[in-house]
Amino acid sequence: MKWESSLVEHLQWSDTITNRESKEQLARMIAMRVQEGEIIGAGSGSTVYLALLAIAERIRTENLHVTVIPASMEISMECVRLGIPQTTLWMCRPDWTFDGADEVDPDHNLIKGRGGALFKEKLLICSSNRTFILVDESKQVSFLGSRFPVPIEVFPMALPYVEREVLTMGALRTELRLAKGKDGPVITENGNLILDAWFGNIHSSLEKEIKSITGVVENGLFMGYDVEVMVAK
Ligand code: 5RP
């Protein structure tokens, strides 16, 4: 039986989408890769949202059977709105995953997590044999940390301790991420806080060093992951 609520039906993407044309080009490119019967991991963010629209169009016109494992609540709700079946990592392993990124360096190291979904995004990427990272040209940087901080998901009570450790590791500045549309901090889907940390130098072992701090659930550095980066021209 279906709910009579139309809340999800009338969902709209929360923010203005930057570089929309490039992201739509990427969306079409990734939708073309979808094959009948696949289970696909979907990260989070506006590029993923536009890609879902393109995938839904192929599902509709070609009568494809595709199942998505979403990395965030907004992407899950979007799947509901578009009628795309979903599953979880409990049940299935994705055939492949696609996601966006905030920064990509020439070696394909990434910063992700502007949307606060970094933990599940990393879990999906680690669970997949193949991952496509979709970026417009604005995301390409010569070194990580050029534009974005490193987001760190922190168990709430560990916040002061984690901040101290991150500063000791060389962070120049930290900031507790605040919510829009709610007083106080952003609370992740896992009930944690996000500490944004600006580093002058992001070296290859920093991801693991941050992760080793007690109280850190995950961080938005993806150093040396086996990902295929697709760039919109
Ligand atoms: C969310 C992410 C996104 O992939 C990243 O922020 C890119 O977002 P967009 O596609 O909206 O530019 O990591 O946690």
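In each ligand, atom 1 is the first atom listed, and ligand 1 is the first ligand listed.
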Would you mind writing out the side-chain donor-acceptor pairs for residues 22-29 within the sub-3.5 Å range, not counting sequence neighbours?
{"unit_1": "Lys23", "atom_1": "NZ", "unit_2": "Thr18", "atom_2": "O", "d": "3.2"}
{"unit_1": "Lys23", "atom_1": "NZ", "unit_2": "Thr18", "atom_2": "OG1", "d": "3.3"}
{"unit_1": "Lys23", "atom_1": "NZ", "unit_2": "Ser46", "atom_2": "OG", "d": "3.0"}
{"unit_1": "Glu24", "atom_1": "OE2", "unit_2": "Arg20", "atom_2": "NE", "d": "3.0"}

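- Checked for salt-bridge contact, Arg147 and Glu103 miss the test: no charged N lies under 4.0 Å from a carboxylate O.
- Minimum heavy-atom separation, Gly113 to Asp102: N-OD2, 3.2 Å.
- The minimum heavy-atom distance between Glu209 and Ser212, with the atom names listed, is O-OG, 2.7 Å.
- Side-chain contact, Ser72 with Glu189: no donor N or O sits under 3.5 Å from an acceptor N or O.
- Put simply, the side chain of Leu221 does not reach to within 4.5 Å of the side chain of Asn109, judged on heavy atoms.
- Ligand 1 is surrounded by Lys23, Ser44, Gly45, Ser46, Thr47, Asp99, Gly100, Ala101, Asp102, Lys112, Gly113, Arg114, Gly115, Gly116, Ala117, Glu121, Lys139, each with at least one heavy atom closer than 4.0 Å.
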